[in-house]
Amino acid sequence: MPLTRDQIISRLQDVTDPELHRDIVSLNILRHVSLCDGYVRIRLEPRSPSKAARDQLAQGVDRAVRSLGDEVRDVTIEWQEPQGGEQGGPAEAGAQPSQGGQAASAGQAGQTGQAGQAGQEGPEGLPGVRHIIAIGAGKGGVGKSTVAVNMAVGLARRGRKVGLLDGDIYGPSLPTLLGLAGMRPQGHGRNMIEPFEVHGIRAMTLGQLVEAEKPLIWRGPMAHSAFRQLSMQTHWGELDYLIIDLPPGTGDVPLTMSQLLPLTGAVVVCTPQKVAQDDARRAVRMFAQLQIPVLGIVENMSYFIADDGKEYDIFGRGGAQVMAHEMGVPFLGTIPINMRLRANSDQGTPVSNFEDDAQLGKELEAVVQALQDQVAACDMEAAKPTLNVH
Ligand code: ADP
């Protein structure tokens, strides 16, 4: 029987807090448990600021989860700093001396109770949109937009309602990749705009709203408001998935996005070389910092198949997969270097990628399937009763 989140929570009832001598579930310090593809992520809000106590707690949690068997591929433990006095836990725990940055918790108790509540409600989101998935990359040119377009089209080919938002407000590439030249935006009501209906998806890009080739230079607050308008004032309608093509790197837009939209998760696109992996690691860490689950890593330009059918690992195929494994995040698959894919991207005909080249179509379908599996796994987790765990 596959491992479930309930099994993990029930096993965590056997873990005792080293200082309070009660199990961590009834102590109400377990803040989040998720399970995706055998990777378990646990967030704890420990009562004690002592490093030794936290280390001991982490060891106990790690050991307990791993004792569930080989299906547990990795365990990540995160700490959430105490939110003041709203927990209702044992009084003596809240009164323990704090150290360093944590000393603020007692003094802020009244406020943080409020702030914590509001924070838990999360960003306002988009009504009618079920899953919002961001596609990011540590740097430009690795094929992030190409992957975003092909994931969107691939999901639409499976009958899903899909939107694609060009969040790369500094250098929008959807006008080219989707062949939007000559299309004019249409308004919807007073302040909304209709997305472009192309290739079975609904797409929106700033590239069709401003002069082509005009450099788009945004200061932080302008970038925030450009992204906000583009995402919130597009009339998306009902969507199963909204895919967001982020700008490369770790700038303002991901932060704005995380504040505005409740994301299901993010995908990081990476090429196999070591230097590309270093950038991708930063992107993975950025999403973790923004509390956006990483659904997985896609290795693009993984290898090249020559006319004689021979495969060449130009950039060192498999590098991103090793990195994914090391970072404890799922690996969603590989996409080869393919001249047709490049030509279809330049011509804005992405559907051909799935129809004209059997090998390419197969690889793209596998990545779409892996992404859907990850979303389904996270859905399953979210649907479970919460036990004060979220
Ligand atoms: P990014 O969004 O990361 O900057 P793009 O998706 O715009 O990158 O891709 C950069 C260029 O590389 C584009 O010309 C695109 O067509 C090409 N490209 C991306 N992935 C592949 C691939 N697997 N095979 C061939 N060309 C690719």
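As the structure lists them, so they are numbered: ligands from 1, and atoms in each ligand from 1. For this chain, numbers begin at 1 and follow the sequence in order.
- At distances below 3.5 Å, at least one donor-acceptor pair connects side-chain atoms of Asn344 with backbone N or O atoms of Arg340.
- The heavy atom nearest to atom 18 (N) of ligand 1, out of those in Met339, Arg340, Met301, is found in Met301.
- Among all protein heavy atoms, the one lying closest to atom 27 (C) of ligand 1 is Leu341 CD2, 3.9 Å.
- Ligand 1 is never approached by Ser302 to a heavy-atom distance shorter than 4.0 Å.
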Q.
Checking Phe287 against Leu246 for the side chain to side chain contact (heavy atoms under 4.5 Å, CB included) test, could you report, in this order, the C-alpha distance in whole Å, the side-chain angles of both residues, the deciding distance, and whether it holds?
A. CA-CA 12 Å; Phe287 288 122; Leu246 285 176; 3.7 Å; yes
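- Here the heavy atom of the protein found nearest to atom 25 (C) of ligand 1 is Asn338 O, 3.2 Å.
- Side-chain atoms of Asp373 and Gln369 form a donor-acceptor pair, as typed in the model, at a separation below 3.5 Å.
- The nearest protein atom to atom 17 (C) of ligand 1, hydrogens excluded, is given as Arg342 CG, 4.2 Å; this is a heavy-atom distance.
- Of all atoms in ligand 1, numbered sequentially from 1 with element shown, those under 4.0 Å from a heavy atom of Ser345 are 16 (O).
- Proximity to Lys144 (heavy-atom distance under 4.0 Å) selects the following atoms of ligand 1: 1 (P), 2 (O), 3 (O), 6 (O), 8 (O).
- Atom 11 (C) of ligand 1 lies below 4.0 Å from none of the non-hydrogen atoms of the protein.
- Taking each of Leu174, Thr146, Val142 in turn, the one with a heavy atom nearest to atom 19 (C) of ligand 1 proves to be Thr146.
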### Evaluation steps, side chain to side chain contact (heavy atoms under 4.5 Å, CB included), between Leu68 and Val40
CA-CA 11 Å; Leu68 286 163; Val40 179; over 6 Å; no
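- Protein heavy atoms come within 4.0 Å of atom 21 (C) of ligand 1.
- Atom CE of Met339 has 12 or fewer heavy atoms from other residues, nucleotides or ligands within 6.0 Å.
- Considering only non-hydrogen atoms, atom 2 (O) of ligand 1 lies nearest to Ser145 out of Ala343, Pro247, Pro336, Ser145.
- Between the choices Gly136, Gly141, Gly171, the shortest heavy-atom distance to atom 4 (O) of ligand 1 belongs to Gly141.
- Note on ligand 1: Gly140 sits in its first shell, one or more heavy atoms being nearer than 4.0 Å.
- When only interatomic distances are considered, the shortest N/O to N/O separation between Lys139 and ligand 1 does not fall below 3.5 Å.
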Exercise for review: Could you check Phe227 against Leu261 for side chain to side chain contact (heavy atoms under 4.5 Å, CB included), going step by step and ending with a plain yes or no?
Suggested key: CA-CA 11 Å; Phe227 182 85; Leu261 304 173; 4.2 Å; yes
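- Taking CG from Leu164 and CD1 from Ile244, the interatomic distance works out to 9.5 Å, rounded to the nearest 0.5 Å.
- A salt bridge is defined here as a Lys NZ or Arg NE, NH1 or NH2 lying under 4.0 Å from an Asp or Glu carboxylate O, and Asp278 with Lys274 meets this definition.
- Residue Asn300 touches ligand 1 through its side chain alone, judged by heavy-atom distances below 4.0 Å.
- With hydrogens and angles left out, the side-chain atoms of Ser67 and Arg11 include a donor and acceptor closer than 3.5 Å.
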